[in-house]
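Numbers restart at 1 for each chain; the letters A, B, ... are given by sequence-line order, proteins then strands.
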Amino acid sequence: MLELTYESGTIRVTGDPPSDLPGVEYDERTQSARAPAFRYAELVDALEERGLAYEDRVCSLPSLSLSTAYDLREYQQAALDAWRDAGDRGCLELPTGSGKTVIGIAAMVALGTPALVVVPTIDLLEQWQRELQREFDQPVGRMGGGEQRVEDITVSTYDSAYLRADELGDRFGLAVFDEVHHLGGEGYRDIARLLAAPARVGLTATFERPDGAHEIIADLVGPLVQRVSVDDLAGEHLADYDIKRIEVALTPDERDRYEEHQGTFTDYLKQSNIQLRSGSDYQELVKRSGNDPAAREALLAKQRAREVMMNAQRKVDRLATILDRHRGDRIIVFTAHTDLVYRLSERFLIPAITHETGASERREILERFRDGTYSRVVTANVLDEGVDVPDANVAVVLSGSGSEREFTQRLGRILRPKADGGRALLYELVTEETAEERVARRRR
DNA sequence: ACTGACCGACAACCAGCGGACCCA
DNA sequence: TGGGTCAAGTTCTTGTCGGTCAG
């Protein structure tokens, strides 16, 4: 008789198992057969299929009777159904503001098993905790932000989950990964490896990763089983929107500096005969810069060129006219550099939020933005994800990366349906005849 | 309880023509 | 003359996060 037990992130199989069970390897050091915990469900399936007798001591979980007052919207129900059809495993891609939390809650209700929700930020930790507390008539545990309390329903940050997954891996039947794209990170992916939870769901607005790590996520959590785009929901559940690209020129002085730095960079590429086609080529260059001073110089020059184009003076001028035109609107301004945030903040007297902004000040600014005292906020990358930002209807992207993810998240900031049914508007300021045009193209 | 300093993790980071050399 | 290899001791910088610890 085989016996399965959970042991710090692995499933241990005792009783002389066949050597070809999925994921199972013989570990010389401990003289035992083990599989990584995330293959637990697969392992059980294989044993069943072959009719092998086994005793399952991996997790003995209580069954919870949960219910929710939420009524799922049509697309939310469809997403849940798709996930259930896929064997309670898989990822769902839905736009920011489409109610991903509600789907997570519905999944918990459907399975009625202890569940761990993993989130990237403290802000999200608190949001989930509040929701779950309100919805379910039982204690909600929390790991993160200075508290480590585990209950049958627990919300955790990725960091805390990473630290404790090996010890808690047998306590949950369902794992909910919010903003699941984070799970592709080198360290975070271990969380999903160490958990035995047979049921898993990943929620995100942007499943695919430029580094290809979504394939690892698909392996650990399950493949993408449902995709709902912004345009599917715009006009009904989300606001209609327009995107305006505005090209500005560099000043002659900026142009000189840009060409000089960009030249240094391209000269180096030419000289050393490097092909830059993909991210990995770029990584190659970064690697090289570790011991090749010329490569390092080239990278620094590229950085400076980027700074010049991202912080171009005429973008600031242009922002002035946009702010003028939208006097009555609620506006969020995004930049890539902290310096520029403070410059804009001083010039236009707009409250600024960067990573340097303390917790209390940040709370105060967002609170005043919410109640209407402030109608504008300027920020670097802080508000991209994982923060509950009050609604706005106009976003101005002064400078952004080529990242599709960043773009989607920023757009999501203005898409909550408007009370007056008005359209949301996103301005994208791009410097002409620079690499930024390419970058802007890449993100859509 | 809150704050600031520290640490580590994560993500984005993407040219526009076209060498030099050795060896089989 | 054509084809393979340059090249090594393992990684730029900036922005942001969470966890930890001291005060």
(request) Could you check which nucleotide pairs with C/dG15 in any of the strands shown, counting Watson-Crick or G-U wobble with both distances under 3.5 Å? (result)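 Result: B/dC10.
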(message) Only pairs with both distances under 3.5 Å count, Watson-Crick or wobble alike; so what is the partner of C/dG23 in this structure?
(response)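 Its partner is B/dC2.
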(request) For the residue pair A/C91 and A/V201, establish whether any side-chain heavy-atom pair is separated by less than 4.5 Å. (result)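 The answer is no, as the side chains (C-beta and beyond) never meet within the 4.5 Å cut-off.
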(message) Reading DNA chain B from 5' onward, which residue's closest nucleotide shows up sooner: A/R363 or A/H181?
(response)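 First, find each residue's nearest nucleotide; the 5'-ward one identifies A/R363.
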(message) I want to confirm an ordering. Mapping A/S360 and A/H182 to their closest nucleotides on DNA chain B, which one lands closer to the 5' end?
(response)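 Between the two, 5'-proximity favours A/S360.
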Just checking, any donor-acceptor pair under 3.5 angstrom between side chains of [X] and [Y]?
X: A/T101; Y: A/E131; answer: no
X: A/T373; Y: A/D371; answer: yes
X: A/D317; Y: A/Q313; answer: yes
X: A/E307; Y: A/Y258; answer: no

Report yes if a side-chain nitrogen or oxygen of [X] is closer than 4.0 Å to either non-bridging phosphate oxygen (OP1 or OP2) of [N]; otherwise report no.
X: A/K287; N: C/dA8; result: no
X: A/R296; N: C/dT13; result: yes
X: A/R306; N: B/dC14; result: yes

(request) Give a yes or no answer on whether the side chain of A/R413 reaches the backbone of A/N393 with a donor-acceptor pair at less than 3.5 Å. (result)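 A pair under 3.5 Å: no.
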(request) Might you confirm whether atom CZ of A/R314 has over 12 heavy atoms from other residues, nucleotides or ligands at distances under 6.0 Å? (result)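 Yes.
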What integer distance in Å separates [X]:[atom1] from [N]:[atom2]?
X: A/I191; N: B/dA9; atom1: CD1; atom2: C1'; answer: 11 Å
X: A/Y162; N: B/dG8; atom1: OH; atom2: P; answer: 13 Å
X: A/R410; N: B/dA12; atom1: CZ; atom2: P; answer: 12 Å
X: A/E284; N: C/dA8; atom1: CD; atom2: P; answer: 11 Å
X: A/K270; N: B/dC14; atom1: NZ; atom2: P; answer: 18 Å
X: A/D292; N: C/dA8; atom1: CG; atom2: C1'; answer: 10 Å
X: A/K302; N: C/dC12; atom1: NZ; atom2: C1'; answer: 13 Å
X: A/Q283; N: B/dC13; atom1: CD; atom2: P; answer: 11 Å

(message) I want to confirm an ordering. Mapping A/R288 and A/L300 to their closest nucleotides on DNA chain C, which one lands closer to the 5' end?
(response)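 Checking each residue's closest nucleotide, the 5'-ward one belongs to A/R288.
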(request) Could you work out which one of B/dA15, B/dA11, C/dT11 sits closest to the side chain of A/R209? (result)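 Minimum distance to the A/R209 side chain belongs to B/dA11.
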What's the gap between [N] and [M] when it is taken at their [atom1] atoms, as a whole Å value?
N: C/dT10; M: C/dC6; atom1: P; answer: 14 Å
N: C/dT11; M: B/dG8; atom1: C1'; answer: 16 Å
N: C/dA8; M: B/dG19; atom1: P; answer: 23 Å
N: C/dA7; M: B/dC21; atom1: C1'; answer: 14 Å
N: B/dC17; M: C/dG3; atom1: P; answer: 26 Å
N: C/dT13; M: B/dG16; atom1: P; answer: 23 Å

(message) To check you understand the geometry: which heavy-atom pair defines the closest contact between A/A37 and A/Y6, and what is its length?
(response)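 Smallest heavy-atom distance, with atoms named: CB-CE1, 3.9 Å.
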(request) Give A/E186 one of three labels, base, sugar-phosphate or nothing, depending on what nucleic acid heavy atoms sit under 4.0 Å from its own. (result)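 Here A/E186 touches the backbone only, sparing every base.
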(request) Hey, can you tell me if A/H182 and A/Y158 have their rings parallel, tilted or perpendicular (30° and 60° cut-offs)? (result)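 Rings of A/H182 and A/Y158: tilted, as their planes differ by 30° to 60°.
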(request) Classify every nucleotide of nucleotides 15-23 of chain C by which part a protein heavy atom approaches to under 4.0 Å, writing B for the base, S for the sugar-phosphate alone and - for neither, in 5'-to-3' order. (result) SSSSS----
